[in-house]
Amino acid sequence: ESVDYIGSSAFENCDGIVEVVLPSAITVIENNTFKNCFALSKINLENVKIFKNSCFYDCMALHYIEVGPETTNIESNAFYNCDALGGTIDISMVSSIQSNAFNGCDRIEGIVIPDVKHDMSAYSSCPNVEAYYTTENNKDYLSINGALHSKDGKTLLVYPATRKDTTLKISDTVTTIGARAFYGSKYLETVVINNSVTKLEDEAFANSSITTIFIPDSIKRIGFDTFKDCKQLKWAVFGEGVEVIGSGNFTGASALELVI
């Protein structure tokens, strides 16, 4: 209990450590502190305020974390490739989260996102997230049926890539489908876009499993690479209102049969 500081890389590559009990005075986990501790499965983190770069990088046996209410910062790659982490994680209290913080965490199924604007690449490559959640205190984001939207509901930002629905009708509040919103969607086949939507941003459906897309007359602009690498896409029906179509839209759409 007398220890109040653990330095950077202190336990890096100690791949035999299974459990760590941190003194209550430890409020910062420094860079690389437990990096490559492959067997580490249990550690108490309730008093930690700051998780620095790569502090638990490749801790592949770490199956549960409880981020305390005082936590403010989670830096780049903090929990990168902690692929035993599962269930839903709550990081709503965090005021700063950086790129790739949870990327490679293959078993995370739900995320309660931070209440402040943040870098969504912190968790956007978690391949099995089925739903994103927001709290009532979130002033910037809104969860609608597990998908992240801007607070006013007008921009669809991120659709969970492993959500099991095969058909989706876009919410009537949406006017913009954001960049990479459906990127990598594994199960979605048919998307019906309502007439309130006026813009599809870059890579909106890239690398997804869609087979059919109906684009209404209301859409005026379609960004770059919107349907790139949609290898199962067969039908794309365009409305008459489209004025701008970006380059690379159907690159890699090898099954495409009909564009109207």
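Every heavy atom of this structure was used, including side-chain atoms; hydrogens, water molecules and symmetry mates were not.
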key: Aromatic ring proximity, centroids under 6.0 angstrom, Phe34 and Phe56   = yes

Thr33 side chain reached by Ile6 side chain, heavy atoms, under 4.5 Å = yes

ask   = What's the shortest heavy-atom distance between Val3 and Pro23, and which atoms?
value = O-CB, 3.5 Å

request  = Apply the test side-chain hydrogen bond (donor to acceptor under 3.5 Å, both in side chains) to residues Asp229 and Asn207: give CA-CA distance (whole Å), side-chain angles for both, the deciding distance (0.1 Å), then the verdict.
outcome  = CA-CA 5 Å; Asp229 292 329; Asn207 198 34; over 6 Å; no

message = Donor-acceptor pair, distance only, cut-off 3.5 Å: does the side chain of Thr162 make one with the backbone of Val129?
response = yes

Non-hydrogen side-chain atoms of Ile65 and Phe102 separated by less than 4.5 Å = yes

query = Out of Arg107, Lys164, Lys186, Arg163, which one pairs with Glu130 under the salt bridge (charged side-chain N to carboxylate O under 4.0 Å, His left out) rule?
reply = Lys164

query = So Phe227 and Phe250, would you call those rings parallel, tilted or perpendicular, with 30° and 60° as cut-offs?
reply = parallel

Full working for salt bridge (Lys or Arg N to Asp or Glu O under 4.0 Å) between Lys220 and Glu243 = CA-CA 5 Å; Lys220 298 179 180 179; Glu243 298 173 354; 5.2 Å; no

task = Applying salt bridge (Lys or Arg N to Asp or Glu O under 4.0 Å), run through Lys52 and Glu30 and close with a yes or a no.
result = CA-CA 5 Å; Lys52 291 203 170 181; Glu30 294 287 349; 3.6 Å; yes

ask   = Quick check: does any side chain N or O of Glu201 sit under 3.5 Å from a backbone N or O of Gly178, one acting as donor and the other as acceptor?
value = no

ask   = Is it true that atom NZ of Lys139 has more than 12 heavy atoms of other residues, nucleotides or ligands lying nearer than 6.0 Å?
value = no

query = Does Leu168 reach the side chain of Asp165, with side-chain heavy atoms less than 4.5 Å apart?
reply = no

Heavy-atom side-chain contact between Ile222 and Asn249 under 4.5 Å = yes

request  = Determine whether Ile26 and Asn47 make a side-chain contact, defined as any pair of heavy atoms from C-beta on separated by less than 4.5 Å.
outcome  = no

message = Hydrogens and angles aside, do Tyr132 and His149 bring a side-chain donor and acceptor to less than 3.5 Å of each other?
response = no

request  = Return yes if a side-chain donor-acceptor contact under 3.5 Å exists between Asn13 and Asn36, otherwise no.
outcome  = yes

query = Would you say the side-chain atoms of Ser218 pair up with the backbone N or O of Asn195, donor to acceptor, closer than 3.5 Å?
reply = yes

ask   = Would a 4.5 Å heavy-atom cut-off, applied to side chains only, mark Thr198 and Ile219 as touching?
value = no

